[in-house]
Every structure is written in structure tokens, then in C-alpha cells.
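Take a look at the structure below.
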Amino acid sequence: GAEVGYDSNVFLQSDTPESSLIARISPHLFVSTLGPQRRREGTDRNAPPPAVSFRGGLSGSLYHYFQTNQKTKLEGDLDLRVVFNPERPFQFTLFETFGRTIRPFTEPGAIDGDYARIQNTAGASLEAATRGRLFRGRLGYSLDLDHFEGESFRFARSLAHHVDAGTSWRFYPQTALVYDFDLYLHDYTNEAPAPVGRFDNVRLRSRVGVNGALTYRVSFMVLAGYAAGFYAGGDEYDGIVGQVEMRWNPTPGMRFAFGYDRDFFRSLLGNFHRRDRGYARGELLMGGSFLLGVEGSAGLYAFGTIVDGGGTPIGGERSDVRVEGALFAEYRVADWFALNASLGYVGDFTDYELRIAGVPPDPGAYQKFEAWAGARVFY
């Protein structure tokens, strides 16, 4: 892929934002064993699934900023997944996901300007199911690394142990009772003095609900549960979490979804932020060659008390209203060539200012438009 884009606010600044034209080149390579659909298209349609299935991918994005000091930067992603005994009642999976991002996430201020962030997840999961897959269960573990390359952000480097589990019981052909559980044991690994407080923590979330179909074209999901976060210092969290979503597929080439979710997440400012968000998305495929997608959301983000390295609150309470929207279009000229374009907007509205000694005040509010146009070649 090769694209040219425009970012109206590269550093997410509140006042006098810096904009830039950007060039992006994105090569991708994916390799996998044949899946069930491809095997059915082959000569031996009744052949059993393989003993081991594999999917791996390597991708990168080279960014060149024409009008800021970011200049040329490289992102990259690696995904590997190996499944032993696939498509059978018992299967075991090994997975590895690596990602490096370089795009700025705060104003330059007094920092060194290195925004590179590496996030790596490696783990395994075990899944068991009845032969008809009416009952399914899984148990997984992963080790999650979050590493900031720049010295300005080394205080936020961390390591987490993640245990996840889930079950489902399909009591109608297209409807199931579902349950999921997540447990994080999170440690910050760098002992350097921190401009903001960050505390080792234990976080958990448990939800139960129904995911199913009302009609041939209308389906839904309802999940509700409890989440808590226990921290070595600062605020703790406990509360109700959940999600409600309706999906409508009026034609095979048209899909819409509308929903609301409430959840909480780890935050580098304050121990956590809670999100209450409504969202919608739609997708239209015409003639098998033109794809149009749209999505949008609006939500309230409430943060835990933000403190400095000594535990003193800084900047007062923080609560943000965030509005996001995106439009994507792609026209596949041929099987091997496509043109694509996208337009996005993010607006974060808050009165909060981060005030750290020796660093200019950093307002949390910003607005950002981003547009891209380019082409992709497939093989």
C-alpha cells in the first residue's frame, strides 16, 4: 500500500496545533494453512482438518512527515498463531503478537520527542467443546509487555500477567449464553522517578450475557458484570460494566450495528479511566468491488485522581467528553489492485490541564482531523 495523508494536529495540541502532510508506505505479508472454506473448494472436500494449523503475518508502515520534526519513522506488526488439533473438541493454541507504534500521543513540551512504543503479547490457550459445539469453554494466559523506547516515558514501562477464561452454551441454533473473565496482574518495571504516579495493580472483570439472533436479519448482544481494580496507591475502582449491541443486516452486502458499552481501562494518567460510550457503525458492499464503511462514537471518560510522583493530586479531577468518527471507502479496480480513501475526526473536550514542575501546562483538550488517499496491490 502507498498513501498520502494530512493530519491537522500531529501532537494532539489544544492551542496552535501543528499540522503536516504525511506519506505512508505499508507492505504486508501473510502466510497460513488452508482454512475450512478453502479446503471445501479443493479436490478432497471430505478430508479431515490438519493436525496443526498456522497463520502468521508481518506488516510495517513507513511514515514521512513533511512539516514537523517527526520526519521519517517506522511502525511494525508481527502476528503468529499455531493451533494444535484444530476444529476438534479439544484444541491448544500458541500465539505471539508484536506491535511498534510511533505516532505522537502528547504535546512535545520538554520531552525528548521519542514516541516509539512497543507492545508484545505472548501466550497460550486451551479450548474444549462438545462435538456439536453446543458447549464451549476456554482458558488462556499471556504475558503482556508495554515498553516505551524514549527516556521521557520510561517510567510507564510495565509487564502484566493476563489470565482469561470464557464459556458459551448454545441453546438455540444461533443464540448462546456467554460468560467471560479477565484477570491482570500489572507491574511497572522501571524505578526511575515518575512525573505522575503509577502503581502496581490487580484488575479483574467478569461478565455474563446472551449473544444471538432475533430474526434472519437482526441479532443482538447483552452483557453485564462487575469490574474492580486494586492499586498499591491512589484511587481504586469497582463498578458495573456491560455492553448492549443491536446488529441489522438488511441485505448480504449491508451491515449496521448500534450499541452502548461501559468499561474501565488502565491509564497512564490516574490509575484508570472509566468509559461510558455510545457507538454506531455501518458497512456497504456494492457489486463485490466497492466498499463503504462509516463509524462514530461519543462517550464520557472519567479518570481516577491524577497524582504526581509523590502522591499529591495535580490538576484537579479529570472528566472528558470524546467524539470520534471515521469514513472509509475502497474500490477494487481488479483482483490485484484497489484504490482507497479515509477521513477521520477525534475531539476530546475537557477543562483539565496537567501541571508538572518544570514542564509547561499541558491542556487535555484537542481536536484532530485526518485524511488519507492511496492504492493497494494484492497478490
Side-chain angles (χ1 to χ4, degrees), residues 7-20 68 101 103-111 113 115 117 146 148 150 152-153 155-156 158 194-199 201 203 227 229 231 233-243 259-280 295-326 343-370:
D7 189 331
S8 71
N9 192 349
V10 174
F11 300 101
L12 310 184
Q13 294 165 299
S14 179
D15 301 316
T16 62
E18 294 185 51
S19 61
S20 179
T68 74
T101 59
R103 304 198 68 180
F105 48 81
T106 188
E107 297 185 21
I111 66 175
Y115 297 96
R117 181 181 188 179
D146 193 0
F148 293 83
S152 297
F153 304 107
F155 69 90
S158 66
V196 294
R198 77 278 187 269
F199 303 101
N201 58 84
R203 309 189 310 276
Y231 298 84
D235 289 350
E236 297 191 340
Y237 177 88
D238 74 299
I240 301 299
V241 294
Q243 183 176 6
Y260 162 82
D261 65 2
R262 178 187 177 95
D263 210 340
F264 94 110
F265 305 88
R266 179 176 72 100
S267 176
L268 299 180
L269 292 177
N271 285 337
F272 59 84
H273 69 263
R274 189 192 71 235
R275 181 182 72 189
D276 287 275
R277 180 189 66 155
Y279 62 90
E295 60 182 47
S297 66
L300 176 66
Y301 293 66
F303 289 73
T305 301
I306 300 171
V307 299
D308 62 18
T312 303
I314 50 177
E317 297 298 318
R318 178 171 184 175
S319 182
D320 296 21
V321 173
R322 184 173 299 175
V323 179
E324 301 183 53
L343 177 66
Y345 168 80
V346 179
D348 196 304
F349 304 94
T350 179
D351 295 330
Y352 181 81
E353 285 190 349
L354 181 64
R355 296 180 177 270
I356 300 173
V359 179
D362 184 3
Y366 68 90
Q367 295 189 69
K368 176 190 184 83
F369 289 92
E370 195 169 338

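Since the model is a prediction, treat every value here as computed from it, not as a measurement.
Legend: ring pair (Phe, Tyr, Trp, His ring centres under 6.0 Å) pairs involving residues 302-321, not counting sequence neighbours, sorted by first then second residue: His273-Phe303.
With sequence neighbours excluded, the residues satisfying side-chain hydrogen bond (donor to acceptor under 3.5 Å, both in side chains) with Arg203 are His186, Asn201. Residues passing the ring pair (Phe, Tyr, Trp, His ring centres under 6.0 Å) test with Tyr260, sequence neighbours excluded: none. Take Ser267 and apply the side-chain hydrogen bond (donor to acceptor under 3.5 Å, both in side chains) test, not counting sequence neighbours, and it matches no residue. Take Asp308 and apply the salt bridge (charged side-chain N to carboxylate O under 4.0 Å, His left out) test, not counting sequence neighbours, and it matches no residue. A search for side-chain hydrogen bond (donor to acceptor under 3.5 Å, both in side chains) contacts involving Asp362 returns Thr106, not counting sequence neighbours. With sequence neighbours excluded, no residue satisfies ring pair (Phe, Tyr, Trp, His ring centres under 6.0 Å) with Phe349. Checked against side chain to side chain contact (heavy atoms under 4.5 Å, CB included), Glu324 has the following partners two or more places apart in sequence or in another chain: Ser297, Tyr301, Arg322, Val346. When the side-chain hydrogen bond (donor to acceptor under 3.5 Å, both in side chains) test is applied to Glu370, the partners found at least two apart in sequence or on another chain are Arg103, Trp372. Under the rule for a side chain to side chain contact (heavy atoms under 4.5 Å, CB included), the partners of Pro363 that lie at least two apart in sequence or sit in another chain are Ser14, Glu107, Glu353.
Ionic pairing of Asp263 and Arg274 is not present here: no N-O contact between side-chain nitrogen and carboxylate oxygen is shorter than 4.0 angstrom.
Atom OH of residue Tyr366 and atom CG of residue Asp348 lie 5.0 Å apart, to the nearest 0.5 angstrom. For the atom pair OG of Ser319 and CG of Leu300, the computed distance is 4.0 Å after rounding to the nearest 0.5 Å.
Taking 4.5 Å as the limit, some side-chain heavy atom of Val10 sits within range of a side-chain heavy atom of Ser20. Inter-residue side-chain proximity for Arg198 and Phe155 is flagged as met; some heavy-atom pair is nearer than 4.5 Å. At a threshold of 4.5 Å between non-hydrogen side-chain atoms, the residues Glu295 and Tyr279 do not count as touching. At a threshold of 4.5 Å between non-hydrogen side-chain atoms, the residues Ile306 and Leu354 count as touching. Tyr345 has its side chain within reach of Gln367: a pair of non-hydrogen atoms, C-beta onward, lies under 4.5 Å apart. By the 4.5 Å heavy-atom criterion applied to side chains, Tyr115 and Phe148 are not counted as neighbours.
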List the steps and the verdict of side chain to side chain contact (heavy atoms under 4.5 Å, CB included) for Asp146 and Arg266.
CA-CA 12 Å; Asp146 193 0; Arg266 179 176 72 100; 2.6 Å; yes

Taking it one step at a time, do Arg262 and Asp276 satisfy salt bridge (charged side-chain N to carboxylate O under 4.0 Å, His left out)?
CA-CA 5 Å; Arg262 178 187 177 95; Asp276 287 275; 2.9 Å; yes

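Minimum heavy-atom separation, Gly233 to Asn271: O-ND2, 2.9 Å. Closest of all the heavy-atom pairs between Thr68 and Phe11 is CB-CE1, 4.2 Å. Of all heavy-atom pairs spanning Leu268 and Ala156, the tightest one is CD2-CB, 3.9 Å.
Residue Ile314 is tested with Val307, Leu269, Val196 for a side chain to side chain contact (heavy atoms under 4.5 Å, CB included); the sole match is Val196.
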For residues 234-241, which side-chain donor-acceptor pairs fall under 3.5 Å, sequence neighbours excluded?
| residue | atom | partner | partner atom | Å |
| --- | --- | --- | --- | --- |
| Asp235 | OD2 | Thr305 | N | 2.8 |
| Asp235 | OD2 | Thr305 | OG1 | 2.8 |
| Glu236 | OE2 | Tyr231 | N | 3.4 |

